[in-house]
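Take a look at the structure below.
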Amino acid sequence: MKGSSLRPFFIYNSLSRSVEEFTPLDRDCVTYYSCGPTVYLRQHLGNMRSYIFVDTLKRALAFNGMRVRHVMNITDVGHMTSDADGGEDKVEKTARVEGRSPQEVASFYTKLFLSDLKELNVETPDVVCAASDHIADMIALIKRILERGFAYVVRSGVYFDVEKYRGENRVGRLSRQSLDEQHAGQRLEHAPDKKSPHDFALWVLNQPTHLMQWDSPWGRGYPGWHIECSAMAMRYLGETIDVHSGGIDHIPIHHENEIAQSESATGKPFVRYFVHNAFLVGMEGAKISKSAGKFPVLEDLVEAHVNPLAFRLFCLGAKYRSELVFNIDAVRAAERNLYYLYGFTANARPEEEDSPWTQAYRERFHEAINDDLNTPEALAVVLEMVNKAYREGDHRVWGALREFDSVLGLRLAEQLEYLSKLKVPADIQALVEQRAQARRDKDFRRSDELRTQLRARGWEAKDHRDGTSEYVPRWN
RNA sequence: GGCGGCGUACCCAAGUGGCUAAGGGGGAGGUCUGCAAAACCUCUAUUCGUCGGUUCGAUUCCGACCGCCGCCUCCA
């Protein structure tokens, strides 16, 4: 069934600034590189939105019958705290502040990050690669760029020659900004030996205070901030990849530079579809950023007794290209929807074939997903279908629901599994029996008292008309 | 200064040149219930920031204005 209807998948490509039909280079496997975290801080909910988006895109491609090979980097070296040519490595800074080695810091935050992804039911990429493990690949790539004459070596490092590149290529393809429009270097101090303030570092030299350094043909130093993505993407996915995604903030600098350095090395197109997601913003419309300091992380939600998957559902409630306002009430609203769906799994009929009327919902769902990942519309379809199932007392929709959840990632099947295996513990069972007796005795005071006790233990009583009761675990 | 985006009900958020402007949350009322819970039903934007223009017709296209935001420095 899945993907059997040959419906084209459409996605917005930042390169063309339009929604395009997606077709992979190799019909059998989509190559996908997404920008991962810099591991010097816990990733906040804004970051999580991006990873949920990436996961949803992958799931949507799979839903359309495509295999995906997904690579994500872990940046554990090279990102500066202040500006492009100096400053302090972020990982090193955290290491200093926390009194640990950079390696310890990177490994600590990498683990936290991966565990957060698990909580959000984000599938682990096929390859998760650390920049520090791929220095040799970066050096090799820089050599190629040098050989082709698009870079030069000076005392402070190896730089990409933007002027040279501009002569033969288009700069600013993504950002639509000409070099002259960019006020590069205006707000920061740049290395004095760069030929142009637009030039960016491929390899940084002569920074003796840096802890993380490697030998290179040009001297001891460390890689620039864009080269890792090009090097690792090529290493694992080839010189031209189908999809590359990242936050919208990466368009003007990071991805622009990636294209420049990659294409000057290979002479081939680097990325076929660039996909960018918008930010999660704070209540006042302010960006939730790392450098701004305070921002909520997944743990904050857990502490507020919010199911992490409610946050996932909350994110799916808006299009990935729209800014989304973070609002705890809206997340709780999403949580209600999540439990509405979970509640339905208890009524689902997995063993029965779907009712014919589910077909219309399948089609609507598929169309919404394939329309540039219109998850809000897709969600509306899901809720309408479940509502209809309840309303008409025809619960034979499990096949469709499970298929929808392969894209949404709300763990509905796991929920069903959990409920089916659930046993009422003995102590709860004792209360249940006492309550049944109280109800038979029409001692409703006692009965209500016991219900309160059960609630406190996490169980909800549902009384039926015939005098029987059902006990289900409360979601929260 | 340059580039980009946004402004839809109390809140979150889709969408369209013209059928009733999705869906959810919240609120109000109701069905069911001993009371609840769950679920279901009804109601909750004559209107889509403001003002113009194009059009038979605009919330949707164009322009101006107001407001908010992002990027141009690491950032999802």
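Below, chains carry the letters A, B, ... as their sequence lines are ordered, and counting in each starts from 1.
No hydrogens or angles were tested; on distance alone, nothing pairs the side chain of R49(A) with the base of A76(B) as donor and acceptor under 3.5 Å. Not a single donor-acceptor pair, N or O on each side, falls under 3.5 Å between the base of C12(B) and the side chain of D329(A). At a cut-off of 3.5 angstrom, the base of C35(B) holds at least one donor-acceptor pair with the side chain of R451(A). One cannot find a donor-acceptor pair under 3.5 Å joining the base of G25(B) and the side-chain atoms of N337(A).
Distance from the side chain of V325(A) is smallest for C12(B) among the nucleotides C12(B), A22(B), A76(B). Side chain of T38(A), nearest nucleotide from A76(B), A37(B), A22(B): A76(B). The side chain of Y340(A) sits closest to A39(B) out of A39(B), A37(B), G23(B). The side chain of Q43(A) has A76(B) as its nearest neighbour among C40(B), A76(B), C12(B). Of the listed nucleotides (G34(B), A37(B), A13(B)), G34(B) has the atom at the smallest distance from the side chain of S447(A). Closest to the side chain of F314(A), from the set C12(B), U33(B), C69(B), is C12(B).
Contact annotation for L383(A): backbone-only contact, meaning every heavy-atom pair under 4.0 Å involves sugar-phosphate atoms and none involves a base. Using a 4.0 Å heavy-atom distance criterion, R446(A) is classed as making no nucleic acid contact. Using a 4.0 Å heavy-atom criterion, one finds that R465(A) contacts the sugar-phosphate atoms exclusively. Among the atoms of the strands shown, base atoms are found under 4.0 Å from some heavy atom of A380(A). Across all strands, A368(A) comes closer than 4.0 Å to no nucleic acid atom at all (heavy-atom distances). Across all strands, N347(A) comes closer than 4.0 Å to no nucleic acid atom at all (heavy-atom distances). In this structure, E470(A) reaches neither bases nor backbone, as no heavy-atom distance under 4.0 Å exists between it and the strands shown.
Atom CG of D448(A) is separated from atom C1' of G34(B) by 8 Å (rounded to the nearest Å). In this structure, the CG atom of N327(A) is 18 Å from the P atom of G24(B), given to the nearest Å. Spacing between atom CG of L280(A) and atom P of C6(B) amounts to 17 Å, rounded to whole angstrom units. Atom CZ in F326(A) sits about 19 Å away from atom P in C69(B), given to the nearest Å. Counting to the nearest Å, the P atom of C72(B) and the CD1 atom of I248(A) are 12 Å from each other. Here C35(B) presents its P atom at 11 Å from CG of D463(A), a figure rounded to the nearest Å. Protein atom NZ of K319(A) is 23 Å distant from nucleotide atom P of A76(B), rounded to whole Å. Protein atom CG of N73(A) is 10 Å distant from nucleotide atom P of C75(B), rounded to whole Å.
Taking atom P in both C71(B) and A39(B), one finds a spacing of 41 Å when rounded to whole Å. For the C1' atoms, the distance linking A64(B) with G24(B) amounts to 36 Å, nearest Å. Look at the P atom in both A76(B) and G70(B): the space between them is 16 Å, to the nearest Å. A distance of about 24 Å separates the C1' atoms of A13(B) and G18(B), rounded to the whole Å. Nucleotides U47(B) and U8(B) are separated by 16 Å at their P atoms, to the nearest Å. On the P atoms, G26(B) is 25 Å away from G34(B), given to the nearest whole Å. Separation of the C1' atoms belonging to U44(B) and G53(B) is 35 Å when rounded to the nearest angstrom. With P as the reference atom, C68(B) and C75(B) are 28 Å apart, rounded to whole Å.
Using a cut-off of 4.0 Å between Lys/Arg side-chain N and Asp/Glu carboxylate O, E377(A) and K319(A) are scored as not salt-bridged. With respect to the salt-bridge test (charged N to carboxylate O, under 4.0 angstrom), the residues R435(A) and D463(A) qualify. Electrostatic pairing of R451(A) and D448(A) counts as a salt bridge here, judged by a charged N lying under 4.0 Å from a carboxylate O. Under the 4.0 Å criterion applied to side-chain N and carboxylate O atoms, R446(A) and D441(A) are not assigned as salt-bridge partners.
Taking the six-membered ring for Trp and thresholds of 30 and 60 degrees, H255(A) and H276(A) have ring planes inclined between 30 and 60 degrees apart. Classification of the Y51(A)-F113(A) ring pair by plane angle, with boundaries at 30° and 60°, yields perpendicular. Note on ring orientation: taking the six-membered ring where Trp is involved, the planes of Y320(A) and F53(A) are parallel (angle under 30°, cut-offs 30° and 60°).
Residue N387(A) has a polar side-chain atom (N or O) positioned under 4.0 Å from OP1 or OP2 of C41(B). Between G26(B) and R336(A), a contact under 4.0 Å exists linking OP1 or OP2 to a side-chain N or O. Of the side-chain N and O atoms in N47(A), none sit less than 4.0 angstrom from OP1 or OP2 of C75(B). Applying the 4.0 Å criterion to OP1 and OP2 of A14(B), one finds that S322(A) has a side-chain N or O inside that range.
Environment of CZ in R391(A): crowded, with over 12 heavy atoms of neighbouring residues, nucleotides or ligands closer than 6.0 Å.
Look at F444(A) and the base of G34(B); the rings stack, centres closer than 5.5 Å and planes less than 30° apart.
When each of R391(A) and G317(A) is assigned the nucleotide of RNA chain B with its nearest heavy atom, G317(A) is the one assigned upstream, toward the 5' end. The nearest heavy atom of RNA chain B to V386(A) and to R455(A) marks one nucleotide each, and the one closer to the 5' end goes with R455(A).
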Q | Verdict with supporting geometry, K195(A) and E163(A), salt bridge (Lys or Arg N to Asp or Glu O under 4.0 Å) | A | CA-CA 9 Å; K195(A) 293 205 300 204; E163(A) 283 296 329; over 6 Å; no
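Aromatic ring centres of H395(A) and Y390(A): separated by under 6.0 Å.
Interatomic distance, R439(A) CZ to S469(A) OG, rounded to the nearest 0.5 Å: 4.0 Å.
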Q | Paired and unpaired positions of RNA chain B as dot-bracket, Watson-Crick or G-U wobble under 3.5 Å, | denoting a partner strand | A | (((((((..(((.....[....)))((((((.......))))))....(((((..]....))))))))))))....
